[in-house]
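The figures here come from the full heavy-atom set of this structure, side chains too, leaving out hydrogens, waters and symmetry mates.
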Amino acid sequence: MESSKMVMRRIAVSGIHTLPPFIFLPKSISTVRSPSSSSSSSSLHLRRCSLSTASSFPLFSEVVENEAQTIGYDKSKTLLKGMRYSELEKWVQSYGFRPGQAMMLWKRLYGNNIWAHCCDELEGLNKDLRKMLSEHAEFKALSLKDVRTASDGTKKILFTLEDGLVIETVIIPCDRGRNTVCVSSQVGCAMNCQFCYTGRMGLKRDLTSAEIVEQAVFARRLFTKEVGSITNVVFMGMGEPLQNIDNVVRAADVMVDEQGLQFSPRKVTVSTSGLVPQLKRFLRESKCALAVSLNATTDEVRNWIMPINRKYNLELLLGTLRDELRHRRNYTVLFEYVMLAGVNDSMEDAKRLIHLVKDIPCKINLISFNPHSGSYFKPTTDEKMIEFRNVLAAGGVTVLLRLSRGDDEMAACGQLGNLGDSQVPLFRVPHRFEKVLNA
């Protein structure tokens with residue numbers, strides 16, 4: 001039997017097309033909006049997103065050499081990327097400068113294709129303001145360590161933090177102009193989802209809002225000329241975003257600022273494993289999109305593969321979403337469903353999933369599992385993913401089928417991070433799944 005990648009390669013040669021990606025793991029196979037459009041596997045579509053390199057872009061080795069500096073904060077200085085515009089304006093005014101000068105600074109930090117990382121890149125600003133900034137402001141929250149490029153053009157960026165810890169950010173290019181940056185919100189993750197490599201690290205610490213924003217700034221600074229405009233942000237990198245909700249909401253506010261990075265709120269998606277209190281707060285405070293990592297249709301399975309379910313079970317999680325979205329117009333939540341062979345991919349699971357999301361305005365993203373060392377899970381076959389999708393579509397669910405991007409460089413969903421010397425132990429496999437996982 002052909003492997004998953006062999007099947008995809010064979011389909012790609014046929015020249016059939018797909019929708020562009022918009023989330024992490026975004027090699028799109030198909031989007032189905034009605035039962036009639038998904039009656040058989042013949043509706044499968046695939047097209048690889050590719051890079052269109054601008055001839056004017058400098059050698060990437062030169063960019064890395066210029067950006068790769070060991071970071072160390074001067075604690076007496078203010079880190080600018082940690083402030084919303086209203087806060088930056090007050091800070092600039094506290095030194096005797098006009099609000100208009102704060103806006104000029106803001107645009108050089110986030111707009112006008114400048115994305116300033118030092119005072120030398122603030123041309124046009126008042127000389128006295130630049131002098132003040134050199135004495136009292138810090139521009140960079142991250143130091144570029146390395147960039148690794150996968151065979152499909154996906155790029156994984158490694159950043160060093162002030163304390164020496166390392167985080168990873170992913171750039172997912174698409175030849176249709178829908179380029180995505182996947183940002184991390186924590187170093188490691190405390191959720192210990194059993195299929196996720198990052199979760200094996202445990203949680204080292206939260207990222208500051210400046211460290212989160214800087215990932216998007218670096219993405220545009222380094223890659224806009226190479227891949228085109230970075231249009232989408234997904235908080236689907238390392239960490240559980242809503243466990244760090246204060247810094248995530250603040251960072252998202254900067255990203256969608258109309259005078260700053262100017263991302264559309266609909267194109268900034270924050271993912272969660274299901275922290276119910278923080279989820280309610282996010283929906284009430286943020287205009288950005290929400291993705292919920294579901295991955296199971298019974299509490300028994302979800303308790304095992306996603307321990308957060310033991311605190312906030314499916315009934316509570318989905319009931320909260322129904323209540324919160326009932327009076328919110330034109331808002332659709334994205335459910336992410338990583339398909340694990342023999343664990344959550346039966347046709348009975350598909351039928352239960354239809355019932356679970358009933359009355360919730362949503363789309364479901366079926367995601368191919370990305371293997372990694374130490375994992376005992378296996379990806380569902382392409383044929384079974386298509387069959388699962390067709391059942392959902394026949395039940396009236398809007399469903400998207402995605403394959404991984406960047407998995408040959410450990411840049412795909414659930415593959416980020418470095419375990420180091422210590423690892424969070426895996427749970428014991430429930431008896432009824434031992435046979436299928438050991439096959």
Side-chain angles (χ1 to χ4, degrees), residues 21-26 49 51 60 63-64 67-69 71 81-82 110 115 117 140-150 152-174 178-189 196-198 201 204-241 244 247-248 251-252 254-255 261 263 267-271 288 291 370 404-418:
F22 80 103
I23 69 162
F24 201 32
L25 293 177
C49 292
L51 294 171
F60 193 77
V63 177
V64 173
E67 293 289 356
Q69 303 171 13
I71 194 164
K81 300 280 177 31
Y110 301 119
W115 309 297
H117 269 164
K140 292 178 67 174
L142 304 173
S143 178
L144 181 62
K145 179 181 180 182
D146 193 15
V147 177
R148 299 170 186 172
T149 303
D152 61 12
T154 300
K155 295 182 183 294
K156 180 165 77 169
I157 315 173
L158 280 68
F159 291 112
T160 302
L161 309 180
E162 180 203 10
D163 53 11
L165 294 172
V166 175
I167 59 169
E168 298 180 0
T169 304
V170 178
I171 306 295
I172 308 153
C174 177
R178 197 172 190 173
N179 302 310
T180 300
V181 55
C182 176
V183 301
S184 294
S185 55
Q186 296 178 313
V187 185
C189 185
C196 180
Y197 188 73
T198 310
M201 293 176 60
K204 309 301 182 185
R205 72 168 173 88
D206 289 339
L207 294 184
T208 66
S209 54
E211 290 166 337
I212 298 171
V213 168
E214 186 83 323
Q215 294 174 67
V217 173
F218 256 109
R220 284 192 167 168
R221 182 180 175 94
L222 291 177
F223 296 109
T224 292
K225 289 184 180 179
E226 181 176 354
V227 305
S229 178
I230 308 293
T231 60
N232 292 53
V233 181
V234 291
F235 285 73
M236 298 180 187
M238 299 167 65
E240 161 55 63
N244 187 19
N247 289 319
V248 164
V254 173
M255 291 175 184
L261 289 171
F263 288 104
K267 295 184 178 181
V268 175
T269 303
V270 176
S271 178
C288 295
N370 298 297
S404 65
R405 289 284 302 274
D407 56 329
D408 58 328
E409 283 291 344
M410 287 290 285
C413 185
Q415 291 185 330
L416 301 185
N418 187 341

Student: Measure the spacing between CG of Leu142 and CZ of Phe218 and express it to the nearest 0.5 Å.
Tutor: 6.0 Å

Student: Test side-chain contact (heavy atoms from CB on, under 4.5 Å) on Arg220 and Tyr110; report intermediate values, then the result.
Tutor: CA-CA 9 Å; Arg220 284 192 167 168; Tyr110 301 119; over 6 Å; no

Student: OG/Ser185 to CG/Asn247 distance, rounded to the nearest 0.5 angstrom?
Tutor: 9.5 Å

Student: Once rounded to the nearest 0.5 Å, what's the spacing between atom SG of Cys288 and atom NZ of Lys267?
Tutor: 13.0 Å

Student: So do the side chains of Ile157 and Phe223 get within less than 4.5 Å of each other, counting heavy atoms only?
Tutor: yes

Student: Using 0.5 Å steps for rounding, measure from the OG1 atom of Thr169 to the CD atom of Glu214.
Tutor: 10.0 Å

Student: Going through the checks in order, is the side-chain contact (heavy atoms from CB on, under 4.5 Å) test met by Leu207 and Leu161?
Tutor: CA-CA 9 Å; Leu207 294 184; Leu161 309 180; 3.7 Å; yes

Student: Nearest 0.5 angstrom please: Asp206 CG to Glu240 CD, how far?
Tutor: 10.5 Å

Student: Between Ala251 and Ser209, which heavy-atom pair has the shortest distance, and what is it?
Tutor: CB-O, 4.0 Å

Student: Less than 4.5 Å apart, any side-chain heavy atom of Ile212 and any of Asn244?
Tutor: yes

Student: My understanding is that only one of Lys145, Met238, Gln215 makes a side-chain contact (heavy atoms from CB on, under 4.5 Å) with Glu168; could you say which?
Tutor: Met238

Student: Which heavy atom in Ala219 sits nearest to a heavy atom in Val181, and how many Å separate them?
Tutor: CB-CG2, 3.8 Å

Student: For Val166 and Asn418: C-alpha separation, side-chain torsions, deciding distance, then whether side-chain contact (heavy atoms from CB on, under 4.5 Å) applies.
Tutor: CA-CA 8 Å; Val166 175; Asn418 187 341; over 6 Å; no

Student: Does the side chain of Asn370 reach to within under 4.5 Å of the side chain of Tyr197, using non-hydrogen atoms?
Tutor: no

Student: Rounded to the nearest 0.5 Å, how far does OG1 of Thr269 lie from CZ of Phe263?
Tutor: 11.5 Å

Student: Please name the pair of heavy atoms, one in Thr180 and one in Ile230, separated by the smallest distance, quoted to 0.1 Å.
Tutor: C-CG2, 4.4 Å

Student: Run the numbers on Lys81 and Val254 for side-chain contact (heavy atoms from CB on, under 4.5 Å), then give the verdict.
Tutor: CA-CA 9 Å; Lys81 300 280 177 31; Val254 173; over 6 Å; no

Student: Do you know the tightest heavy-atom contact between Lys204 and Leu165?
Tutor: CB-CD1, 4.1 Å

Student: Between Asn179 (side chain) and Thr231 (backbone), is there a donor-acceptor pair under 3.5 Å?
Tutor: no

Student: Determine the minimum heavy-atom distance between Val213 and Met255, stating which atoms define it.
Tutor: CA-CE, 4.3 Å

Student: Which pair of heavy atoms, one from Ala291 and one from Met236, lies closest together, and at what distance?
Tutor: CB-CE, 3.9 Å

Student: Determine yes or no for a side-chain-to-main-chain donor-acceptor pair under 3.5 angstrom, with Thr198 supplying the side chain and Leu416 the backbone.
Tutor: yes

